[in-house]
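I have placed the structure first, in the form of structure tokens, so that the comments after it can refer back to it.
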Protein chains: 2
Amino acid sequence: MLTIGQLAAAAGVTVRTVRHYHHVGLLPEPERDASGYRRYGAQAAVDLIRIRTLADAGVPLARIDALLHAQPAQFAAAITDIDAELRRKIDQLAEYRRRIAELAGGERLVLPPEVVAILDRMRGLGVSERRVRLERDSWILMQALDPQVVPQRIRDKNAGLDDPETVRLYLACDQSFDWDPNDPRLDRLIDDLDAWETKHERDGDRAGYLKLVSARISEASPAWQRIVDALVHRAGQRAEQRRAAGRES
Amino acid sequence: MLTIGQLAAAAGVTVRTVRHYHHVGLLPEPERDASGYRRYGAQAAVDLIRIRTLADAGVPLARIDALLHAQPAQFAAAITDIDAELRRKIDQLAEYRRRIAELAGGERLVLPPEVVAILDRMRGLGVSERRVRLERDSWILMQALDPQVVPQRIRDKNAGLDDPETVRLYLACDQSFDWDPNDPRLDRLIDDLDAWETKHERDGDRAGYLKLVSARISEASPAWQRIVDALVHRAGQRAEQRRAAGRES
DNA sequence: CTCCAACCCTGACGCAAGGTCAAGGTCAAC
DNA sequence: GTTGACCTTGACCTTGCGTCAGGGTTGGAG
């Protein structure tokens, strides 16, 4: 009869694997010869090959055990199951292939295509890569913290990029990155931005994640920090005025 | 910034997974807030999603680590590699699907098609399933112990099935399974079989695995055991006679 | 102000499916 | 009689997390 090594070779597995199957009770322990070696018959080879066929297909060993002792009808049903699972896996892998191919290309993977389009559009308008990256990060944070506002923001953003004044301010901000915080040009820029914000002010705009985005922007440049501080200050003043007006009426 | 739970949700993984990546150094540990919570920025989300994209494609975490810090050229090469690997896996799974589909159908999986054809032919000639199964086992043992003789044996076996006398003996043996070991019909059968063996005797026929096969056959039926014993005995006698003739010459 | 659920923290063990030593006993051949 | 290729048991290692234990934090409701 066969030794363990011959059996293993016949089924294309390692000796260790056969012993493992004995250990978990998947393959019955055979008789031993005088020296304690395991001795296998042809049935063991058949069983082992059946086990491997299922195991190679990804069936957990625990389930194989049950399968081998199942009625033909149940066995056939299980096989159908396993086959469906295999097809699902194949589709999965094909999808991963697609994503892997995109992996060289940065953010396309992590953001919805509409947002990617916006970022590309900004690049096309001459916005610096640095600024685009901040924008990208803000979208990622938005998506993580408050996903349901994303579609509305996409519309707003595209509308903004249709408006020449908005685009002008984007580019101006962009250039101000390296300016000294005391540069007089900043004063005019802050005035313009404040006017823009007043014009476009809407409820809900001061959502939590915006603070985080502002914080990141401020970190990046002293000039931008001044801009953010000034705008927050003026927005506070306007809110104050509205409250006063509300009390008067 | 993001908490670990938000980061995990953003990338579609569990919190445990993120911590695991910290543990193995795949994702850098971020700053902690006052209460010791980890706080993540958008870059972490990007990194994590890239990691998952590779991990989902089956790249081991250890390799991902190296990949993320690789030069674009090497990265691209590795991606090509991984893609090829994925395609290979897809083909593998398709092959497993094929084999799984055959699994309901018994021996087709473990034996070469020529042998399966022989077994089918035996069934067609009216040989019992029990006998066919013994035959199948003997082929499996042959294949495991002495594979290079299989092609020759296939030719021999097919020649045997072309010969009416051989087929008659097959069927006669088959019917004798349940006979009493003292049944007088056995004597005639043994004579016929011995004549057949004398006629077809060839060198190498008494290979090791044949003893094993005989042992299995003997186990199955007392009548067969008598047949095997008698034939072995007569073969021994013939060999003796040949040796004596050799000394005389 | 307290309570509760839903978070977060570290640390440790568990899982499949074997791989890989270690420390020996056997077998076959030269 | 000594290699070298087998076989034996036993025990720890691996990957990629899951899950539990035993806590601390946060934020909103009552």
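Note that these values count all heavy atoms, side chains included, but never hydrogens, waters or copies made by symmetry. Order of the sequence lines fixes the chain letters, A, B, ..., with proteins taken first and strands second; residue numbering starts at 1 for each chain.
- A 4.0 Å heavy-atom criterion places the boundary nucleotides of DNA chain D facing chain B at dG16(D) to dT26(D), written 5' to 3'.
- Along DNA chain D, the nucleotide nearest Tyr37(B) and the nucleotide nearest Val59(B) are compared for position; the residue whose nucleotide lies closer to the 5' end is Val59(B).
- The ring pair (Phe, Tyr, Trp, His ring centres under 6.0 Å) search around His20(A) returns none, not counting sequence neighbours.
- Each of Arg16(A) and Ser35(A) has a nearest nucleotide on DNA chain D; the 5'-most of these lies closest to Ser35(A).
- Salt bridge status for Glu135(B) with Arg131(B): present, with a side-chain N to carboxylate O gap under 4.0 Å.
- In this structure, CG on Leu2(B) lies 15.5 Å from OH on Tyr37(B), to the nearest 0.5 angstrom.
- Residue pairs meeting the salt bridge (Lys or Arg N to Asp or Glu O under 4.0 Å) criterion with at least one partner in residues 39-48 of chain B, sequence neighbours excluded, are Asp33(B)-Arg39(B).
- Taking the 5' to 3' direction, DNA chain C first and last meets chain B under 4.0 angstrom from a heavy atom at dC7(C) to dA12(C).
- Using a 4.0 Å heavy-atom distance criterion, Arg38(B) is classed as a sugar-phosphate-only contact.
- Between Lys89(A) and Glu85(A), some side-chain heavy-atom pair lies under the 4.5 Å cut-off.
- Residue pairs satisfying the side-chain hydrogen bond (donor to acceptor under 3.5 Å, both in side chains) criterion with at least one member in residues 54-82 of chain B, sequence neighbours excluded, are listed as follows: Arg52(B)-Asp56(B).
- At least one cation-pi condition fails for Arg153(B) and Trp139(B): the charged atom is not both under 6.0 angstrom from the six-membered ring centre and inside a 45 degree cone around its axis.
- Partners of Arg130(A) under the side-chain contact (heavy atoms from CB on, under 4.5 Å) rule, at least two apart in sequence or in another chain, are Ser128(A), Asp174(A), Phe177(A), Asp178(A).
- Counting any heavy atom pair closer than 4.0 Å across all strands shown, Arg63(B) reaches no nucleic acid atom.
- Across all strands, Arg32(B) comes closer than 4.0 Å only to sugar-phosphate atoms, never to a base (heavy-atom distances).
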